[in-house]
Q: 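Have a look at this one.
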Amino acid sequence: MGQKKIDIKQVRQVAKLSRLDLSEAEISQFTGQLGAILEYVEKLNQLDTSKVEPLAHCLPINNCLRKDEVKQSLGTEKTLANAPDKDEQFFIVPKILEEPGGF
Amino acid sequence: MTNSDYKIIVGLEIHVQMATRTKMFCGCELVFAAEPNSRVCPVCLGLPGALPVMNRQAVEFAILTATALNCKVAEFTKWDRKSYYYPDLPKNYQISQYDLPIGSNGYIEIPVGDGVTKKIRICRVHLEEDAGKNIHTAGSFSQVDLNRAGTPLLEIVTEPDINSAEEVRLLAMELQRIVRFLGVSEADMQKGHMRFEPNVNLHIKKDGSKHETPIAEIKNLNSFKALEKSVGFEVRSQLDNFIERGEVMQSGNKKTFGWDDVKEVTVLQRGKEEAHDYRYFPDPDLVPVVVDEKWLGEIKGGLCELPLKMQGRFVSQYGLSDYDASVLTTDRATSEYFDSAVKAGGDAKRVCNLITQTGLKTANEKGCGVAQLGIEPKRLAELAKMTDASQISATAAVTIFVKMMESKEQPGEIAEKLNLLQKSDAGELEKIVDEVITANPQAVEDAKSGDKKSKKAHGFLMGQIMQKTKGTANPQVVAKILGTKLKA
């Protein structure tokens with residue numbers, strides 16, 4: 001076995017970025033599992049890709065564009081149908097304390 | 001510390017909403033202030049199996065803007081996912097462009113007064129989708145409206161070439177003019193069509209060495225006033241922090257601020273110390289965009305004379321003041337309307353006055369543009385010509401202008417109907433002058449006397465003549481005739 005592909009610290013960071021609340025047991029378990037996955041994917045590095053152009057997409061097509069034409073939206077009722085929490089017109093989420101201010 | 005001891009360094013990031021009918025990647029209609037969550041579909045919701053499809057119009061608007069901003073347009077561009085967890089972003093990523101933006105390495109010229117311009121380099125121009133809207137209610141929850149989610153936004157990033165709070169505002173206003181001229185955005189500030197994020201810091205010279213203050217990013221400004229004021233505030237604040245505490249730039253002390261519009265101060269946003277990890281990667285749901293010569297040529301066909309260039313031309317070609325030229329080039333319709341009227345033979349200054357003094361006021365009252373008042377450029381030119389030829393007075397011109405909005409008649413016909421034609425026919429006027437002289441011997445004597453009563457008597461006689469002609473006599477011609485008669 002070579003160097004570990006991912007450590008506990010990185011798993012904690014990824015969990016935080018993904019807004020996942022993991023127990024210590026889960027963190028330890030996922031560190032092992034994610035490491036195994038990364039190790040498996042690492043096999044790709046054995047291929048010599050020095051003469052292969054970078055690929056932006058796996059399909060050999062481009063410019064899939066549509067006309068700027070209005071299509072029927074779902075409407076408020078249907079849009080909210082599967083919401084875990086809602087009121088008449090809005091999705092309801094836990095109070096957002098801090099506004100990061102868009103993009 | 002004097003001004004010359006420090007230099008203000010500002011780079012600006014601007015988000016401009018594209019004036020498409022539908023969203024960037026789906027056919028949901030863009031309607032301002034529609035019922036919350038009514039313009040939403042599986043693509044907006046990020047439901048499993050939903051696939052985004054690019055809006056051709058948005059892509060073309062982006063390329064057109066990039067061209068107008070002198071950018072190099074990418075022949076090959078693609079879409080990337082910017083991972084970000086927030087309730088207004090149901091997919092948990094924003095579709096954006098990371099390493100291959102649609103436009104790069106351009107510049108914008110901004111007017112900095114008296115016909116002088118300054119070039120600000122543009123780093124990149126790329127397309128992305130907007131997020132939804134969070135509404136922070138008084139209770140223990142927040143409301144989310146996804147109508148805005150997926151709106152096409154053009155992100156424009158400048159190099160840090162801006163050196164004052166005023167220049168930041170001027171750039172923002174010039175960009176607004178450009179996107180309106182191109183028709184790619186309504187750029188309505190009230191509707192949030194333009195949002196700004198300046199990055200501000202100072203380069204300070206002190207005791208022979210150079211210091212740089214920490215960079216402050218001010219988020220989400222949506223008015224020119226807030227933009228200028230917030231940059232001004234940051235400059236003063238950073239200068240104070242440097243003088244009092246010697247605060248300088250270190251790795252990781254870039255700060256993010258919000259703007260308090262009421263207190264007019266920047267407010268530090270907590271929890272921003274940790275650098276974001278957006279984990280960009282190519283979006284497998286969207287294929288790349290290839291812009292070939294032919295398509296680029298078609299898009300470039302939508303270019304027009306840009307406002308700053310037009311403003312300069314109105315000054316150099318038509319002899320207008322820089323101020324008048326800037327007022328006329330606020331929007332494309334007005335500038336082209338003015339240009340057409342001048343090309344139809346109207347004197348530039350006269351046409352300008354008719355538009356800026358009477359036209360803009362009337363248009364404002366009606367809530368439309370000057371060009372939409374119903375007066376064709378040709379008729380406006382005709383009205384200007386009549387005024388210049390003293391066929392009508394300046395006051396009569398205003399009356400005729402208003403009448404022309406409601407009828408298709410020529411200004412001459414209207415002037416005749418309303419008896420507004422100035423009588424400049426010397427023969428006809430001479431007769432009236434003679435009548436008045438005969439009827440007012442005392443006044444004539446006083447006028448001829450040359451003492452202090454003379455001026456008053458002269459005015460009285462002029463008044464009598466104008467009254468007799470119901471104000472239609474050309475005052476200059478009358479004064480000349482009367483003067484000659486009194487000297488005789």
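Note: hydrogens, waters and symmetry copies are ignored here, and every other heavy atom, side chains too, is used. Labels below follow one simple rule: chain letters A, B, ... track the order of the sequence lines, proteins then strands, and each chain is numbered from 1. From a predicted model like this one, the values you see are computed outputs, not experimental measurements.
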Q: Below 4.5 Å, heavy-atom pairs only: which of A/R66, A/K71, A/H57, A/R19 has the largest tally toward chain B?
A: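 Looking at each of A/R66, A/K71, A/H57, A/R19 in turn, A/R66 comes out on top.
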Q: In Å, rounded to the nearest 0.5 Å, how long is the span from CZ of B/R56 to SG of A/C64?
A: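 That separation rounds to 10.5 Å.
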Q: Which is it for B/V59 and A/L65 under the side-chain contact (heavy atoms from CB on, under 4.5 Å) test, yes or no, and what are the steps along the way?
A: CA-CA 9 Å; B/V59 174; A/L65 301 152; 4.0 Å; yes
Q: Calculate, to the nearest 0.5 Å, the distance between atoms CG and CG belonging to B/N55 and A/D68 respectively.
A: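 Taking CG in B/N55 and CG in A/D68, the distance rounds to 4.0 Å.
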Q: Side chain, backbone, both or neither: which part of B/L146 has an atom under 4.5 Å from a heavy atom of chain A?
A: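 Side chain of B/L146 only, per the 4.5 Å heavy-atom cut-off to chain A.
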Q: Is B/W295 close to chain A through its backbone or its side chain, or both, or neither, when contacts mean heavy atoms under 4.5 Å?
A: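 Interface part for B/W295: side chain.
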Q: Any idea which heavy atoms bring A/N63 and B/V290 closest together, and the distance?
A: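 Where A/N63 meets B/V290 most closely, the heavy atoms are OD1-N, 2.6 Å.
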Q: With a 4.5 angstrom heavy-atom cut-off, is it the side chain or the backbone of B/M24 that approaches chain A, or both, or neither?
A: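 For B/M24, the contact with chain A is made by the backbone alone.
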Q: So which part of B/F76 gets closer than 4.5 Å to some heavy atom of chain A, the side chain, the backbone, both or neither?
A: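 Contact with chain A: side chain only.
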Q: Between B/C28, B/P282, B/A58, B/S96, who has the most heavy-atom pairs with chain A when the cutoff is under 4.5 Å?
A: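 Most pairs with chain A among the choices: B/C28.
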Q: Go through the steps for B/Y85 and A/L17 under the test side-chain contact (heavy atoms from CB on, under 4.5 Å), then give the verdict.
A: CA-CA 8 Å; B/Y85 283 71; A/L17 288 170; 5.7 Å; no
Q: With a 4.5 angstrom heavy-atom cut-off, could you sort out which part of B/S140 is near chain A: side chain, backbone, both or neither?
A: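 When you check distances to chain A, only backbone atoms of B/S140 fall under 4.5 Å.
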Q: Restricting to non-hydrogen atoms, name the atom on B/P36 and the atom on A/Q89 that form the minimum distance, rounded to 0.1 Å.
A: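 Nearest pair, atom of B/P36 first, then A/Q89: CD-NE2, 3.5 Å.
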Q: If the contact rule is any heavy atom under 4.5 Å from chain A, which residues of residues 41-49 of chain B qualify, in numerical order?
A: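 Within residues 41-49 of chain B, the residues under 4.5 Å from chain A are B/C41, B/P42, B/L45.
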Q: To the closest 0.5 Å, what do you measure between CD (B/Q143) and NZ (A/K95)?
A: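 B/Q143 atom CD to A/K95 atom NZ measures 10.0 Å (nearest 0.5 Å).
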Q: Contact part of B/D283 toward chain A, heavy-atom cut-off under 4.5 Å: side chain, backbone, both or neither?
A: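 It is the backbone, since no side chain atom gets that close.
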